[in-house]
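First up is the structure itself, then whatever we jot down about it.
Note that the numbering runs from 1 along the sequence shown for the chain.
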Amino acid sequence: MRVEQLKREFAVEVEFWAYDLRPDLPPEGLPRDLAYRGARYSAEYIEYLRRLAEESGIRLALPLVVANTGKAHEATEFAKEQGAVDTFARAVFAAYWEKGENIGEMDT
């Protein structure tokens with residue numbers, strides 16, 4: 001990820017903060033089509049995102065479900081307390097954006 005590259009190349013500190021972009025989502029999340037109510041990105045834009053992600057070493061897999069991230073935010077705070085937030089943040093990012101998993105589910 002680019003943030004990891006920046007940390008290696010420059011003397012920067014990264015602090016992860018939980019911020020709920022979609023507090024209206026039900027606990028189980030919503031299928032992408034319902035969550036965006038018919039609004040769609042063009043195929044060209046999706047391809048641009050995939051190329052940009054690939055340049056950063058990420059194989060983008062758009063999740064089918066837009067997750068309710070409340071549990072992931074709680075777990076982020078726990079990971080901070082345990083000194084493992086970098087590892088946890090990378091794992092959650094990979095689960096959602098690379099594997100397409102629903103990070104709102106406890107098992108994930």
Side-chain angles (χ1 to χ4, degrees):
M1 287 186 349
R2 287 186 182 206
V3 71
E4 293 162 347
Q5 180 181 355
L6 288 171
K7 287 171 66 174
R8 284 191 304 270
E9 293 179 10
F10 302 98
V12 297
E13 288 185 35
V14 176
E15 187 168 346
F16 291 95
W17 289 88
Y19 182 79
D20 195 351
L21 292 173
R22 297 290 308 266
D24 60 320
L25 291 174
E28 67 277 5
L30 279 177
R32 185 164 292 282
D33 289 346
L34 289 177
Y36 293 107
R37 293 177 176 77
R40 297 190 189 276
Y41 293 111
S42 69
E44 293 83 13
Y45 183 70
I46 298 297
E47 184 54 33
Y48 166 76
L49 289 178
R50 288 187 196 284
R51 279 195 317 270
L52 188 63
E54 190 174 304
E55 289 171 8
S56 298
I58 298 165
R59 186 169 180 209
L60 186 65
L62 288 177
L64 298 176
V65 172
V66 176
N68 178 313
T69 56
K71 297 290 185 200
H73 293 320
E74 290 176 22
T76 298
E77 293 305 313
F78 179 78
K80 279 184 190 179
E81 294 169 5
Q82 304 305 308
V85 72
D86 289 341
T87 302
F88 178 77
R90 181 65 182 110
V92 170
F93 182 92
Y96 192 65
W97 290 110
E98 296 177 25
K99 298 176 186 173
E101 296 175 354
N102 184 345
I103 60 171
E105 294 178 345
M106 290 297 292
D107 289 346
T108 302

Out of curiosity, [X] [atom1] to [Y] [atom2], how far, rounded to the nearest 0.5 Å?
| X | Y | atom1 | atom2 | answer |
| --- | --- | --- | --- | --- |
| Ile46 | Leu62 | CD1 | CG | 5.0 Å |
| Glu98 | Arg90 | CD | CZ | 4.5 Å |
| Ile103 | Thr108 | CD1 | OG1 | 8.5 Å |
| Leu60 | Glu47 | CG | CD | 10.0 Å |

According to side-chain hydrogen bond (donor to acceptor under 3.5 Å, both in side chains), who are the partners of Lys7, at least two apart in sequence or on a separate chain?
Asp86
Do you know which two heavy atoms are closest between Ala67 and Gly104, and how far apart they sit?
CB-N, 3.8 Å
Residue pair Pro26 / Leu30: nearest heavy atoms and the distance that separates them
CD-CG, 3.7 Å
Is there a path of hydrophobic side-chain contacts, each under 4.5 Å between heavy atoms, that joins Val65 and Leu49?
no
Applying the 4.5 Å side-chain criterion to the ILVMFWY set and letting contacts propagate, would Ile58 and Leu64 be lumped into a single cluster?
no
For Asp24, which residues count as a salt bridge (charged side-chain N to carboxylate O under 4.0 Å, His left out) partner, sequence neighbours excluded?
Arg22
Can you confirm whether Arg59 is buried at CZ, in the sense that more than 12 heavy atoms of other residues, nucleotides or ligands lie under 6.0 Å from that atom?
no
Heavy-atom count check: over 12 atoms from other residues, nucleotides or ligands less than 6.0 Å from Glu15 CD?
yes
Output side-chain donor-acceptor pairs under 3.5 Å for residues 72-83, partner residues at least two apart or in another chain, one line each.
residue, atom, partner, partner atom, Å
His73, NE2, Tyr19, O, 3.3
His73, NE2, Thr69, OG1, 2.9
Thr76, OG1, Ala72, O, 2.8
Glu77, OE2, Lys80, NZ, 3.4
Lys80, NZ, Phe16, O, 2.5

For Glu28, does its backbone N or O pair with a side-chain atom of Asn102 as donor and acceptor, under 3.5 Å?
yes
